[in-house]
Structures are given as C-alpha cells and as structure tokens.
Amino acid sequence: EQKAESVAELEKVNDSIRRSAANGVQLASLEREYANLQIQYNSAVNNMAQASTGERIEVLSRGGRVS
C-alpha cells in the first residue's frame, strides 16, 4: 500500500515537472511578445510626439517657411 502511494505521489511530481517545463517555454514566448509590443508602443508614442511637434511648428509659423 505504501509503495502504491509512493508511486502515485511520484507520478504527481513528474506531471508537475512536465507542466512546469511547458509553462517555462510559454512564459519565454509571452515575454518576447511583450518586449516586441513594448518596442512598437514606444515607437508609436515617439512618432505621435514628433507629429505633434510638427503640428505646433506649423501653427506657430502660420504658413511661413521653417528650416
């Protein structure tokens, strides 16, 4: 009976280890995706800031040439 309980417990531990490895792979994938999205977000914020600056320059120059 003790041996059967030990075998069952060992199987639970092995299953947990297998799931942990799969979770680690999935976590790494999600972290890479997050990093890529963060780069895209930062780029979009930067582009928006540049566009806003350009718009302010146009408004302030009132159609005059800016160099």
Side-chain angles (χ1 to χ4, degrees):
E1 185 178 321
Q2 232 180 358
K3 182 178 178 183
E5 288 175 9
S6 295
V7 168
E9 186 65 28
L10 182 60
E11 193 57 41
K12 286 180 186 177
V13 170
N14 284 335
D15 184 50
S16 177
I17 291 170
R18 281 191 296 274
R19 283 185 280 128
S20 294
N23 287 340
V25 170
Q26 187 175 13
L27 176 62
S29 174
L30 290 171
E31 287 175 337
R32 282 191 304 274
E33 186 177 341
Y34 173 78
N36 288 335
L37 289 172
Q38 187 68 47
I39 290 167
Q40 291 175 3
Y41 170 79
N42 290 339
S43 177
V45 168
N46 186 35
N47 289 341
M48 190 169 81
Q50 288 177 356
S52 178
T53 300
E55 183 179 1
R56 277 186 272 146
I57 289 171
E58 287 294 324
V59 168
L60 293 175
S61 69
R62 298 171 199 210
R65 184 179 175 132
V66 176
S67 26

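Index from 1, following the sequence. Atoms considered below: every heavy atom in the structure, side chains included; atoms not considered: hydrogens, waters and symmetry mates.
You'll find the side chain of M48 stays beyond 4.5 Å of the side chain of S52, heavy atoms only. Under the 4.5 Å side-chain criterion, counting only non-hydrogen atoms from C-beta, E1 is in contact with E5.
The number of heavy atoms from other shown groups lying within 6.0 Å of CD (Q50) is above 12. Crowding of Q26 atom CD: a count of heavy atoms from other residues, nucleotides or ligands under 6.0 Å not exceeding 12.
In terms of the side-chain contact (heavy atoms from CB on, under 4.5 Å) criterion, Q2 has no residue partners (sequence neighbours excluded).
The stretch residues 24-51 participates, sequence neighbours left out, in no salt bridge (Lys or Arg N to Asp or Glu O under 4.0 Å) pair at all.
The CG atom of L30 lies 10.5 Å from the CG atom of L37; values are rounded to the nearest 0.5 Å. A distance of 11.5 Å separates CG of L27 from OG of S20, quoted to the nearest 0.5 Å. Put simply, CD on E9 and CG on N14 are 10.5 Å apart, with the number rounded to the nearest 0.5 Å.
Other residues sharing a hydrophobic cluster with V45 under the 4.5 Å side-chain heavy-atom criterion for ILVMFWY residues are Y41.
Panel note: side chain S43, backbone I39; no donor-acceptor pair is recorded below 3.5 Å.
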